[in-house]
Amino acid sequence: MKARHRAPWGLVIIDLVLINASMVLAYWIRYELQWFLGISYYHTLSAYIPFSLLFTILMLIAFQIDRVYRHWRGRSWLDQVYRVINATAKSVVVMLAITFVIQPLQYSRLLFIEAGVIAVLLLALSRMGLNGMLGWLHARGVGIDRLIIVGAGEVGRTVMRTIVARPELGYQIVGFVDDNPEKGQTDIGRFKALGATNNLGRLIDEEAVDGVIITLPWMFHRKIMRIVRECEWRQVSAHIVPDIFQMSLSQVDVDDLGGVPLISVRDVGFDRGALLVKRVMDVVGAVVGLTLGAPLFALIALAIRIDSPGPVIFRQARVGIGGKLFEMYKFRSMREGAEAEIEQLRGRNEADGPIFKIRDDPRRTRVGRLLRRTSLDELPQLWNVLRGEMSLVGPRPPTPTEVNGYMDWHRKRLEVSPGLTGLWQVSGRSLLSFDEMVLLDIYYIEHWSLWLDFKILLRTIPQVLFGNGAY
């Protein structure tokens, strides 16, 4: 398992090829195309072979310094590219210094700068392709690590929601063990409760486990060490997640003071600046959506009116930020009076937890089937966004009945405004269990950024077009 945290050797070979290719392309641009600046002298490509080799060596050294190939697993594409840019900049600066000392006039320094820029572009594209391929393989069960989590408390759920939110990491949780009878016997979404910790040895053998993640409080240090020794004896990697005095890991920042480690606590959620930026994005997005979507809204309203009797807009009480109630709007996709029929259909509920969902709901109208499959019935919620009751991106707005059935840890999803789309909607939608939806919502709250919102909005487009998991 440890080896998988390093970049695959294939990437190193690809990098070597692309670094040298960047020098060839830079030579072509400099001497053949003569972009940017003209030249008064000419060198053959062979004259730059020593510099290409030197550039390759410098890049590999800089990659080692900036740990480009280490801790590969779990590192985002942006982080990978950032490290490549740092390493390339260092290499180019050294190249410029060397050419200045050896032959200040005969070799093109602009060529080395161009080679650096081209190298960054090629290496970034290669990593994008590799990440996409690995994500595709992991989604099909290829190259994944099978894990067991020890402990189902807040720290354990932090690990679970990270793995649910980031399937590209390539981890599959077989289940979890916990000596607390209430936790050790209750499944959390797809994650199976496998009983007490004394079952761990048997489970490692029976389930072909690759690693164990220990999330127990430090007060149980003897039990932790016993589990670590059990894993070592069975040649399975053991990883300990410190709970830092029972605080959520998302609240901890680790820094250093001249080599002395410092642990600081930060607030989880959105600060005022983030809320302001997010609100501006919501208002702009809602205004643009309502304006450009007006013709589509009119066509949908006409289709609903022709298809079945009843109002065009369906209104329903939902729970917003801090438990505050608001009236949410949707295009009506069911026959009038459908809410009164819920108790009669309760036995056909296909969702777990407090959610009520039926794949082939008999209450839906003909137009409603299309609206639900494409999520077009959600568009009137842009008005809720404009009014500040919802956001473009956030957790799904629950009904009061659903909230009444929440466990304590579920209520964390009510700490931010509900969203028109969210992380769980682009990660499986109705195919996910309720606990997995909540894990994804909490992950979103604890890891919010403008970039995350942007990615979720982009990933929503294919979900709507293909109707994956919608019913």
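The model shown is predicted, which means the values in this text are computed figures rather than measured ones. Side chains are part of it too, since the values below use all heavy atoms of this structure and drop only hydrogens, waters and symmetry mates.
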- Given the rule in the side-chain contact (heavy atoms from CB on, under 4.5 Å) test, do L371 and I304 qualify, once you have shown the distances and angles that lead to the verdict? CA-CA 10 Å; L371 294 178; I304 293 173; 3.9 Å; yes
- With distance as the sole criterion, is a donor-acceptor pair present between the side chains of S375 and E378 under 3.5 Å? no
- Does the pair D79/R83 count as a salt bridge with the N-to-O cut at 4.0 Å? yes
- In terms of ring plane angle, is the pair F63 and Y69 parallel, tilted or perpendicular, where the classes change at 30° and 60°? perpendicular
- Salt bridge present between R372 and D361 (N-O < 4.0 angstrom): no
- Message: Between D282 (side chain only) and L392 (backbone N and O only), is there a donor and an acceptor less than 3.5 Å apart?
- Response: yes
- Query: Shortest non-hydrogen contact from S126 to L18?
  - Reply: CB-CD1, 3.6 Å
- Query: Are side-chain heavy atoms of V283 and L386 found at a separation under 4.5 Å?
  - Reply: yes
- Could you go step by step and tell me if Y443 and L423 meet the side-chain contact (heavy atoms from CB on, under 4.5 Å) rule? CA-CA 9 Å; Y443 179 91; L423 188 56; 3.6 Å; yes
- Task: Could you pull out the closest heavy-atom pair between I313 and P380, with the gap in Å?
- Result: CD1-CG, 4.0 Å
- Message: Once rounded to the nearest 0.5 Å, what's the spacing between atom OG1 of T399 and atom CG of N404?
- Response: 8.5 Å
- Determine yes or no for a side-chain-to-main-chain donor-acceptor pair under 3.5 angstrom, with D377 supplying the side chain and G368 the backbone. no
- Message: Within the structure provided, determine whether R127 and D15 are in side-chain contact (heavy-atom separation under 4.5 Å).
- Response: yes
- Query: Is there a donor-acceptor contact under 3.5 Å from the side chain of S417 to the main chain of S391?
  - Reply: no
- Task: State the CD-CZ distance between E327 and F314, to the nearest 0.5 angstrom.
- Result: 10.0 Å
- Query: Does a side-chain heavy-atom distance below 4.5 Å link V68 with Q80?
  - Reply: no
- Nearest non-hydrogen partners of P395 and R413, listed with the distance: CG-O, 3.6 Å
- Task: Decide yes or no for F434 and Y406: does some side-chain heavy atom of the first lie under 4.5 Å from some side-chain heavy atom of the second?
- Result: yes
- Check: S22 side chain, I19 main-chain N or O, donor-acceptor pair, under 3.5 Å: yes
- Message: Applying side-chain contact (heavy atoms from CB on, under 4.5 Å) to L376 and L370, what does each step give before you reach the verdict?
- Response: CA-CA 8 Å; L376 291 176; L370 176 62; 5.6 Å; no
- I342 side chain reached by R363 side chain, heavy atoms, under 4.5 Å: yes
- Query: With a 4.5 Å heavy-atom cut-off, do K223 and D179 have their side chains touching?
  - Reply: yes
- Query: Hey, which of L457, L458, T460 is the one that makes side-chain contact (heavy atoms from CB on, under 4.5 Å) with V426?
  - Reply: T460
- Message: Taking R396 first and then E402, would you say they form a salt bridge - that is, a charged N and a carboxylate O separated by under 4.0 Å?
- Response: yes
- Item | Approximate separation, where rounding is to 0.5 Å, of L450 CG and L452 CG | 9.5 Å
- Query: Which atom pair, heavy atoms only, marks the closest approach of L325 to P400?
  - Reply: CD2-CG, 3.7 Å
- Message: Run T215 and R157 through side-chain contact (heavy atoms from CB on, under 4.5 Å) and show every step you take.
- Response: CA-CA 9 Å; T215 66; R157 290 196 297 270; over 6 Å; no
- Message: Is a donor from one side chain sitting under 3.5 angstrom from an acceptor on the other, for Q344 and E341?
- Response: no
- Quick one: salt bridge (charged side-chain N to carboxylate O under 4.0 Å, His left out) partners of R318, sequence neighbours excluded? none
- Out of curiosity, L122 CG to I14 CD1, how far, rounded to the nearest 0.5 Å? 12.0 Å
- Item | Electrostatic pair R161-E154, nearest N-O below 4.0 angstrom | yes
- Query: With F191, which of I149, I148, L439 fulfils side-chain contact (heavy atoms from CB on, under 4.5 Å)?
  - Reply: L439
- Query: Is a salt bridge present between R146 and D210, judged by a nitrogen-to-oxygen distance below 4.0 Å?
  - Reply: no
- Item | Gap separating the CD1 atom of I85 from the CG atom of L121, nearest 0.5 angstrom | 9.0 Å
- Query: Taking V416 as the fixed residue, which of L275, I445, D441 is the one that meets the side-chain contact (heavy atoms from CB on, under 4.5 Å) rule?
  - Reply: I445
- Note on the structure: One should read off an interatomic distance between D187 CG and S433 OG, to the nearest 0.5 angstrom, of 9.5 Å
- Closest non-hydrogen atoms of L420 and M390, given as atom of the first, atom of the second and distance, are N-CE, 3.8 Å
- Query: Quick one: are V241 and I213 in side-chain contact, heavy atoms under 4.5 Å?
  - Reply: yes
- Query: Counting only heavy atoms not in W409, do more than 12 fall under 6.0 Å of its CH2?
  - Reply: yes
- Task: Run through R369, R366, R332 and flag the one making a salt bridge (Lys or Arg N to Asp or Glu O under 4.0 Å) with D307.
- Result: R366
- Query: Where is the tightest heavy-atom contact between V287 and T291, given as atom of each residue plus distance?
  - Reply: O-OG1, 2.7 Å
- Query: Tell me, do K278 and V393 make a side-chain contact under 4.5 Å, heavy atoms counted?
  - Reply: yes
